[in-house]
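None of these values were measured; they are calculated from a predicted model. One-based numbering, in listed order, for ligands and for the atoms of each.
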Amino acid sequence: MGKSSKDKRDLYYRRAKEEGWRARSAFKLLQLNDQFQLFNGVKRVVDLCAAPGSWSQVLSRELKAPENPEDVKIVSVDLQPMTPIDGVTTIQADITHPKTLQKILEIFGGEPADFVCSDGAPDVTGLHDLDEYIQAQLILSALQLTTCILKEGGTFVAKIFRGRDIDLLYSQLSYLFEKVICAKPRSSRGTSLEAFVVCLGYKPRPGWNPQLELTKSTEEFFKMPILYLDLPDPEERLIAKFVACGDLNDVDSDATYTLDANFKKMALDPVQMPTAPPYKKALEMKRRGELVRR
Ligand SMILES: C[S@@+](CC[C@H](N)C(=O)[O-])C[C@H]1O[C@@H](n2cnc3c(N)ncnc32)[C@H](O)[C@@H]1O
């Protein structure tokens, strides 16, 4: 798909380029914040699975006041390298690895985070059940790290896909947070199962001291005697409150729009070129004449 046709198809994609966001996902976080005031009083924030960095850009722009830039600490983590963002410490690391937590804690000087967000998505295989399973594991890893770093009363937001068993996740989260809401921002395509769990008021279980260890699997981590997250009875599963957010009269994120005279230029350049795209190796091989058709 060419640049201009995508600009045409998706107005959030085009708007992101016009406003300087690295990805259209920026609008999702902005709309979630408008609805839930996620950033109020936030000084330490962790952005998990952050590349190319539009959520980190939002965090930096919304939280970093010019008069107290040192007051706020934003740490962004991704497997991919990220081009630096003003006021953000970026770490290239796997969120499932315990050492990543140690690095974040070092940057925060041992202080807990007020807010952790995760827009993580694994590379899809096309095998629906497998993709759903891997996504669920990634959310659990994000949650695991969050329980080790979030302050009591803090907020956790994560991308989810509303598949068959999502109510189990809501139930599990409700063990750890006062309120669990499923939110669908206007900029998230209506045709996609994507949504976000907004978990307010972290309430670590009394006597539970969550710690990441290399030898413990995610399942073992959550199988604490007082926090056995696997609810056996489907009747007990929680149906989270569903909230649509963002201006519902705004453009349709699924629609194909025609560019009118208001758009002087057909195609806009990307705000940030990908630092390590998966096709990089193929391009290098092509340049060296090593890519041959068999
Ligand atoms: C949809 S993108 C995030 C977009 C980002 N929120 C933004 O606004 O630019 C999902 C990211 O999850 C990252 N990811 C997937 N698994 C990960 C893991 N185990 N550790 C760290 N990052 C991971 C991918 O590398 C990818 O960059």
Side-chain angles (χ1 to χ4, degrees), residues 10 12-13 15-17 19-33 38-39 45-63 74-104 115-125 130-146 148-149 156-161 183-185 187-189 192-198 212 214 217-218 221 246 253 270-280:
D10 182 342
Y12 280 107
Y13 177 86
R15 212 183 260 177
K17 290 205 232 169
E19 294 180 19
W21 304 116
R22 293 181 182 184
R24 69 192 290 294
S25 324
F27 296 111
K28 299 174 193 170
L29 185 59
L30 286 166
Q31 289 168 355
L32 287 168
N33 181 48
L38 302 169
F39 303 156
V45 43
V46 187
D47 181 9
L48 298 173
C49 303
S54 78
W55 279 26
S56 298
Q57 284 181 293
V58 169
L59 292 165
S60 169
R61 286 193 203 177
E62 297 285 321
L63 296 176
I74 304 166
V75 179
S76 301
V77 186
D78 202 284
L79 288 172
Q80 306 290 332
M82 278 170 67
T83 307
I85 298 170
D86 250 6
V88 176
T89 308
T90 54
I91 305 175
Q92 186 179 357
D94 186 341
I95 68 156
T96 67
H97 200 285
K99 278 192 181 155
T100 306
L101 171 69
Q102 296 315 322
K103 282 188 197 158
I104 302 169
F115 175 43
V116 180
C117 54
S118 171
D119 190 23
D123 288 340
V124 287
T125 63
L130 182 63
D131 288 339
E132 211 173 301
Y133 174 77
I134 299 172
Q135 173 67 15
Q137 288 303 308
L138 195 61
I139 295 170
L140 279 183
S141 293
L143 176 63
Q144 204 175 347
L145 186 147
T146 300
C148 296
I149 201 166
F156 173 59
V157 169
K159 191 209 314 263
I160 53 165
F161 289 98
K184 179 82 175 171
S187 49
S188 172
R189 294 193 178 93
S192 158
L193 285 181
E194 177 189 83
F196 295 85
V197 269
V198 177
L212 285 183
L214 262 177
S217 69
T218 311
F221 177 86
S253 46
V271 172
Q272 182 64 57
M273 292 305 282
T275 37
Y279 49 82
K280 192 174 171 186

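From the protein, the heavy atom lying nearest to atom 23 (C) of ligand 1 is Cys49 SG, 3.5 Å. Ranking protein heavy atoms by distance to atom 20 (N) of ligand 1, first place goes to Ile95 N, 3.0 Å. For atom 19 (N) of ligand 1, the nearest protein heavy atom (residue, atom name, distance) is Asp94 OD1, 2.8 Å. Ranking the protein heavy atoms by distance from atom 1 (C) of ligand 1 puts Asp119 O, 3.6 Å first. In this structure, atom 8 (O) of ligand 1 lies nearest to the protein heavy atom Ser54 OG, 2.5 Å. In terms of protein heavy-atom proximity, atom 17 (C) of ligand 1 is closest to Leu79 CD1, 3.5 Å. For atom 13 (C) of ligand 1, the nearest non-hydrogen atom of the protein is Asp78 OD2, 3.2 Å.
Using modelled atom types, one side-chain atom of Asp78 and one backbone atom of Ala50 make a donor-acceptor pair closer than 3.5 Å. Asp131 places a side-chain N or O within donor-acceptor distance of the main-chain N or O of Thr125, the cut-off being under 3.5 Å. A donor-acceptor pair under 3.5 Å is absent between the side-chain atoms of Gln57 and the main chain of Ala23, judged by distance alone. With hydrogens and angles ignored, the 3.5 Å screen pairs no side-chain donor or acceptor of Ser141 with any backbone N or O of Thr96. Here the side chain of Arg24 pairs a donor or acceptor atom with the backbone of Ser187 at under 3.5 angstrom.
Less than 4.0 angstrom separates some heavy atom of Pro52 from each of these atoms of ligand 1: 9 (O). Which parts of ligand 1 touch Gly53 is read off a 4.0 Å heavy-atom cut-off, strictly below it: atoms 7 (C), 9 (O). Residue-ligand proximity, Ala50 to ligand 1, at heavy-atom distances under 4.0 Å covers atoms 5 (C), 7 (C), 9 (O). Listed by number with element, the atoms of ligand 1 under 4.0 angstrom from any heavy atom of Gln80 are 25 (O). Of all atoms in ligand 1, listed by their number and element, those nearer than 4.0 Å to a heavy atom of Leu138 are 16 (N), 19 (N).
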**Q.** Step-by-step side-chain contact (heavy atoms from CB on, under 4.5 Å) determination, Met82 to Gln92
**A.** CA-CA 8 Å; Met82 278 170 67; Gln92 186 179 357; over 6 Å; no
Q: Applying side-chain contact (heavy atoms from CB on, under 4.5 Å), run through Leu214 and His97 and close with a yes or a no.
A: CA-CA 8 Å; Leu214 262 177; His97 200 285; 3.9 Å; yes
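Within the set Ser118, Ala51, Ala121, Ala16, the minimum heavy-atom distance to atom 3 (C) of ligand 1 is found for Ala51.
Results of the salt bridge (Lys or Arg N to Asp or Glu O under 4.0 Å) test with Glu194 over Lys184, Arg189, Lys28 single out Lys28 as the only residue that passes.
Between Phe27 and Trp21, the ring planes are perpendicular. Angles over 60° get that label, and only those under 30° would be called parallel.
In this structure, Asp94 places its CG atom where more than 12 heavy-atom neighbours from other residues, nucleotides or ligands lie under 6.0 Å away.
Checking Ser76 against Ser56 by side-chain atom types alone, a donor-acceptor pair falls below 3.5 Å.
Distances shorter than 4.0 angstrom occur between a heavy atom of Ala93 and an atom of ligand 1. Residue contacts with ligand 1 leave out Arg22, since none of its heavy atoms falls under 4.0 Å from the ligand.
Contact annotation for Ser25 and ligand 1: only side-chain heavy atoms (C-beta onward) come within less than 4.0 Å of the ligand. Under 4.0 Å from ligand 1, not a single heavy atom of Leu29 appears.
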